[in-house]
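Take a look at the structure set out below.
All residue numbers in this chain count up from 1 along the given sequence.
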Amino acid sequence: MTGALLRLVRVGSPAEFCAAAVMLASYPLLLVAALIPSLGTFAAVAAVSYVSDHFLHRRNAYLLTRLSRARAGLTLRFMLRQLLLVLLLARMGVAGDTLGYEAIACFALIATLQAPHSGLLTLLRNRRKLPVVTRNIDLTPLGISDAAPRLLTHRAAEKVQHLDLFAVTGVLVAAETGRGAYGYAGMAVTLGLTLLYIAAVAYHLRPGGLPPKRDAVLEWFDEWLRAYRPTLVLYFSGTKESTYQINMWLETLQDLTALDERPLLIVREQHTLPGLASTTVPVACVPSAVHLMNMDLASVRVALYPANVGKNIHLLRVPTMKHVFIGHGDSDKVASINPYAKVYDEVWTAGRAGRDRYALADVGVRDDAIVEVGRPQLAPIRPAEAPAADRIPTILYAPTWEGWTDDPGNTSLMVAGENIVRRLLAADPPVRVLYKPHPFTGMVSPHAKAAHERIVAMIEQARTSRAADPRWVRAAAAGQGEREAARAELVRIEGQLERLGRLTGEAGDEAQTSRDAVVDPAREAEAARLKEEWNDAYWRSFGWWEHRVVTGDRPRLYDCFNVSHGMVSDISSVVSDFIASGKPYAVTDSAGLGEQEFKRQNTAVRAAVVLAPDAARIGELLAAVPAPAADPLRAAREELKEYLLGPDEPASVVRFGEAVRALAAKSERRNLERAV
C-alpha cells in the first residue's frame, strides 16, 4: 500500500512523501496564522515550509516538476509565502508603516531580479555548450576555460529564491520587537546577496570565460578529423540504460588500434557519456543531425552499428563508407532478425547460427551480406573446470528482464524464478547460489520487481541459515583471516579506483569536461589492473559456500560465469555467451511451449536442460556439474558452441579485424571507381 501511494504521488521514499505533505500543508496553515494573526505560529510554519521545500530540491523529487506543471512552481511558492507575510503584517496593523511598504517593495524587487538572474544563467549554460562533446580528444587549441563554480550553477533558481529568508526573518523579528532596523537589515542582506549572485554569474560571461562559438568549434573539429583521419566508426544512439550496448564493444575497438585502424566512437545523446566505460578511443557526441551530416568523415571506410535505431539514417546516408550491423548480443530473440538489418552493406554474426536465423526469417538480408566473425567480447570467459574436491559447486541464476512487451516468454522471474531458487537452495548435495538479475529488472513490470525482491529475500535468509549450520561453521572459522584480509584489500582497491575516478571523471560543465576528459594510457592500464585485483579480492572476501546476490557493474557477468560451474537463465544473449565456457546450463520454458517446440524455436536451447515453470528437472543440471565426462549433453554443447560462436581458431578478435580490413578494401575500391 505504501509503495503504491509513493508511486501515485511520484516521490521516491517515505521521507520525500512526508516532506511533500508538510510543504503543501504549510500554505493553508500560513494563511490561518496570518489571519488570526499569530506571529509565532507563522514563523514556525514558515521555517518548516522552507526546510521541506529545500529537502525536496536536494532529493531532486519529481513531485516538484509536477507542481510546476500544475502552476505551483518554485517562484509561485516563494511569492505566496511573501504575500502571506504581508497579510500577517496587515492583520497586525504594521502594513501601513514604513516597514510594511518597504517589505512589499523588497519582495517586488526580489521577484524582478529573478529575470536577469535566470536569463544570465541560461545564457551562460547555452554559451558553455559545445556542438561536439568529446572524450579523449585534446581541445587545448580551443582555449576552454574552467566552468563557473557549481555553487553558482547547481540548483541556482532554488538558491536565489531562498535568499529571501534573510528578509522574511528580519521582517518577522521587526514585527515582533517593533524595531524596524531588523527588517531593514534583513532586506538589505537579501538584496545585496541577490545582486552579488547576479554579478558573479555575469562575470563568467566575460569573453575570456567562454569557449569559442559554435561555428568555430565545428571548424576546428573538422580540422581535427582531417588530422586524425579515422578509418573506422562505431556509431550509437539510444537511451542511457542501453549504453551497455556500446560498452561491450569498446575493448574490441581498442584492440583494432594494434591493427593500424584509427577508430572513432560517435554517439548521439549526451546522456550516454556518463555511463560510457573507460576507453582510450576518441569519442564525439554529436546531438545535431545537421552537424553530423556536415562533418568531414571522408577518411572513414567502415561504420559499425550495435543497435537498429532511427538515427542510424544520419550516417547511413554517407556512401563513401561501408555500413555494418554488429548487434549487441547473439540470441534467438526477434531483435536478432530485425528486417531493418537489410539497410546495411553487411551483417556480422558470431557463427553459422546467425546466418541461418536470417535465412529462416526471410526478412530480406542476403546470405552474401552476412559475415561470421565470432564474438571478440567472449575472450575473458574461461573454459569449464570441475569443482575442487573440497568445494561445493556454484550455480548461477541469471534471468533476463521482463522486456517492453509483457511477453510471458521474456523472463522466468515471475513464473519460475522462486521455484528455481528454492530448488537450488534445497539441493542435496548442496550448491552455492549466485543470483545476478538483469539491470533492467522491474523497470516495466511491478510483478517482476516483486518476484526479484522475494528471490533476494530467499537467498539472504538461506545465507543466514547456512552461516549457523555446523557443516559450514568449521569452514568459516578456518578461512576467517583470509576473508578479512580480502575485505581489507577491497577497501584499499576501491579507494585507489575512486582516486583514479576523480582524476578522470566528469567535473564542471560539458565544455570543461570535454577539455579534461582525455584518458592517460598509463592511468587506464593501472585502472584495468586494479579492477582485476578487485575482482580477485571480491570472490575471496566471502566463503565459497555462501550464497550471493550480485548486482551493479562489478563483478561483471563474465566474472560470474568464471566462478560458476553451471547456469540457469532465459532466452537471451546470456545463454549464447555462457555456451562459450562449455559448462552445463538450463533454460526456462517460461511461455510453456514444451521442450520439443522450445528447442525448435531457440537454437541456444539445443544443448540445455529445459525447465518447466516448476523447475522439477533442475536435478539433471546439478548431476552434470561434478562429472563433466558423464554429462550426456557435453558433446552437444561443444557442437552448439561452434555453431553459435564460430570456431576457436583463429581467435574471434583476429577474424573481426580481418572482416574490418576486407570491408575497408571494398569501400576503397568503390570510392576509387567513382572517382574515375
Side-chain angles (χ1 to χ4, degrees), residues 245 248-249 252 304-308 324-342 344 346-379 381 383-384 398 400 409-410 557-558 561 567 569-591 593 595-610 633-656 658-659:
Q245 296 175 0
M248 68 171 59
W249 286 106
T252 302
L304 307 174
Y305 301 80
N308 286 313
V324 185
F325 180 67
I326 55 174
H328 52 271
D330 186 281
S331 76
D332 289 306
K333 287 186 175 180
V334 175
S336 295
I337 49 171
N338 193 323
Y340 191 102
K342 62 190 172 198
Y344 305 101
E346 290 187 356
V347 174
W348 292 357
T349 67
R352 178 79 192 184
R355 181 187 297 276
D356 290 348
R357 283 192 204 105
Y358 279 109
L360 290 170
D362 192 23
V363 292
V365 177
R366 306 184 321 275
D367 186 72
D368 61 359
I370 298 175
V371 180
E372 298 167 30
V373 297
R375 285 289 305 279
Q377 303 95 330
L378 305 187
I381 298 177
T400 192
N410 284 342
L557 178 63
Y558 292 175
F561 286 0
M567 182 186 74
S569 189
D570 306 321
I571 290 300
S572 71
S573 61
V574 170
V575 172
S576 300
D577 291 355
F578 189 80
I579 287 171
S581 71
K583 299 173 184 177
Y585 66 101
V587 183
T588 309
D589 178 13
S590 303
L593 297 176
E595 181 172 357
Q596 185 175 353
E597 180 63 16
F598 190 44
K599 287 188 173 183
R600 187 190 71 80
Q601 292 188 19
N602 300 285
T603 309
V605 182
R606 294 179 185 175
V609 174
V610 176
L633 293 173
R634 183 178 182 181
R637 281 199 307 275
E638 292 176 355
E639 181 181 342
L640 183 60
K641 175 185 173 183
E642 181 166 348
Y643 180 61
L644 284 174
L645 305 174
D648 291 337
E649 297 295 336
S652 180
V653 68
V654 174
R655 282 183 284 148
F656 194 91
E658 289 174 348

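Panel note: side chain S569, backbone A398; a donor-acceptor pair is recorded below 3.5 Å. In terms of modelled atom types and a separation under 3.5 Å, the side chain of R637 and the main chain of G582 share a donor-acceptor contact. Under the 3.5 Å distance criterion, the side-chain polar atoms of W249 are matched with a main-chain donor or acceptor of G327. A donor-acceptor pair under 3.5 Å is formed between the side chain of S572 and the backbone N or O of V574.
Contact detail for Y344 and A307: the closest heavy-atom pair is OH-O, 3.9 Å. The minimum heavy-atom distance between S581 and I381, with the atom names listed, is CB-CG2, 3.8 Å. Between V610 and K599, the shortest heavy-atom distance links the atoms CG2-CE, 3.7 Å. Across all non-hydrogen atoms, the minimal contact from A604 to I579 is O-CD1, 3.9 Å. Between V373 and S652, the shortest heavy-atom contact is O-OG, 2.9 Å. Considering every non-hydrogen atom in both L644 and A350, the closest pair reads O-CB, 3.3 Å.
R600 and E597 are joined by a salt bridge, as a carboxylate oxygen and a charged side-chain nitrogen come within less than 4.0 angstrom of each other.
Listed by first and then second residue, the salt bridge (charged side-chain N to carboxylate O under 4.0 Å, His left out) pairs involving residues 570-591 are R375-D577 (not counting sequence neighbours).
In this structure the side chain of L378 reaches within 4.5 angstrom of the side chain of L645, judged on heavy atoms.
Under the ring-ring contact (aromatic ring centres under 6.0 Å, His included) criterion, F598 pairs with no residue, sequence neighbours left out. Annotation: ring-ring contact (aromatic ring centres under 6.0 Å, His included) contacts of Y585 (sequence neighbours excluded): none.
A salt bridge (charged side-chain N to carboxylate O under 4.0 Å, His left out) with D367 is found for one member of R355, R352, R357, K342 and no other, namely R355.
Taking CG of N410 as the reference point, atom OG1 of T400 lies at 7.5 Å (rounded to 0.5 Å).
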